[in-house]
Asks: 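Mind looking over this structure? Questions follow.
As the structure is a prediction and not an experimental result, all values here were calculated from the model.
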Amino acid sequence: MKTNTPGSLFRIECEEIYLQEFSVEDADQIYQISSQPEIFNFLPDWRSTKEQRLHWLTNYEIPANHASLEAIAATSSIDGHFLKLGVFLKGTDEFIGWCCTGIKEELPPPNREIMYAISSEFQNNGYATKASKGLIDFLFTHTDIESLNAVALINNVSSNKVIRKCDFALKGQQTIDNEIYNHYILSKSDWIKNV
């Protein structure tokens, strides 16, 4: 499922897509996708200028990915680290979105979440579900994480559907930045039952 050869980028195989750690070459596609109304309406924090995106990618996201992967390799602990992976089509190596994990400060501990976004032209093909399941499998198999969270605005029908397809259980609703989200949890023990 996971591959990482010397000099290559970390990758998780997921059927007809793969997840791969962000690289500088991804900056333009991240910018383009995060500028789509279907994305920024639900993920406004991802919207940026091209210059901001390149700055964030180079100075924060790529170094954070390296720190996460080093921590996982050394101790199986991802602690408070973030891991941001691009979603790519295997046939064309086209960047079509992202799938990430990090700490969601607005949730009570343990508050590690997964989140995702798929470009509008590639939505409704199951890619968000496959990417999320690939990241979930990696986290529960290669780290000491015992539970994961996911949140989706209550009116984001597609995202709520993806989360349920990944076997998350609805815990309740959570208000974040004056908006109501459905809050889901998936425990490692429940994940094991469904593998």
Asks: Do Leu89 and Tyr127 have side-chain heavy atoms sitting under 4.5 Å apart?
Replies: yes
Asks: Suppose clustering is done on Ile, Leu, Val, Met, Phe, Trp and Tyr with side-chain heavy atoms closer than 4.5 Å. Which residues sit in the same group as Leu107?
Replies: Phe42, Val151, Leu153, Ile176, Tyr181
Asks: Looking at side-chain heavy atoms only, is the closest gap between Cys166 and Leu186 below 4.5 Å?
Replies: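 Side chain of Cys166 against side chain of Leu186, heavy atoms only: no contact under 4.5 Å found.
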Asks: Applying ring pair (Phe, Tyr, Trp, His ring centres under 6.0 Å), can you list everything that pairs with Tyr184, at least two apart in sequence or on another chain?
Replies: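 Per chain and number, Tyr184 pairs via ring pair (Phe, Tyr, Trp, His ring centres under 6.0 Å) with no residue.
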Asks: Using the test ring pair (Phe, Tyr, Trp, His ring centres under 6.0 Å), find all partners of His55 that sit at least two apart in sequence or belong to another chain.
Replies: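 Ring pair (Phe, Tyr, Trp, His ring centres under 6.0 Å) list for His55, sorted by chain: Tyr60.
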Asks: Going by ring pair (Phe, Tyr, Trp, His ring centres under 6.0 Å), name the residues that satisfy it together with Tyr31, two or more places apart in sequence or in a different chain.
Replies: none
Asks: Would you please indicate if the ring centroids of Phe10 and Phe138 are separated by under 6.0 Å?
Replies: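 Centroid distance Phe10-Phe138: below 6.0 Å, so yes.
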Asks: Test: ring-ring contact (aromatic ring centres under 6.0 Å, His included). Region: residues 67-89. Which pairs qualify, not counting sequence neighbours?
Replies: Tyr18-Phe88, Phe88-Phe95
Asks: According to the side-chain hydrogen bond (donor to acceptor under 3.5 Å, both in side chains) rule, which pairs have a member within residues 98-114, sequence neighbours left out?
Replies: Thr101-Arg112
Asks: Which residues pass the side-chain hydrogen bond (donor to acceptor under 3.5 Å, both in side chains) test with Ser189, not counting sequence neighbours?
Replies: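 Residues passing side-chain hydrogen bond (donor to acceptor under 3.5 Å, both in side chains) with Ser189: Ser187.
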Asks: Thr143: what forms a side-chain hydrogen bond (donor to acceptor under 3.5 Å, both in side chains) with it, not counting sequence neighbours?
Replies: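 Checked Thr143 against side-chain hydrogen bond (donor to acceptor under 3.5 Å, both in side chains); zero matches.
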Asks: Got a sec, which residues hit side-chain hydrogen bond (donor to acceptor under 3.5 Å, both in side chains) with Asn182, two or more places apart in sequence or on another chain?
Replies: Asn160, Gln173
Asks: Sorted by first residue and then second, give each salt bridge (Lys or Arg N to Asp or Glu O under 4.0 Å) pair with at least one member in residues 68-88; sequence neighbours left out.
Replies: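 For residues 68-88, and leaving out neighbouring residues, the salt bridge (Lys or Arg N to Asp or Glu O under 4.0 Å) pairs sorted by first residue read Glu61-Lys84.
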Asks: Using a strict cut-off of less than 4.0 Å between a Lys/Arg side-chain nitrogen and an Asp/Glu carboxylate oxygen, indicate whether Glu13 and Lys90 qualify as a salt bridge.
Replies: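 Looking at Lys90 together with Glu13, the answer is yes, because their closest N to O distance falls below 4.0 Å.
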Asks: Kindly write out the residues that satisfy side-chain hydrogen bond (donor to acceptor under 3.5 Å, both in side chains) with Gln29, not counting sequence neighbours, or none if the list is empty.
Replies: none
Asks: Among Ile, Leu, Val, Met, Phe, Trp and Tyr joined by side-chain contacts under 4.5 Å, find the other residues sharing a cluster with Ile180 and list them by chain and number.
Replies: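 Members other than Ile180 - counting any ILVMFWY side chain reachable under 4.5 Å - are Ile154.
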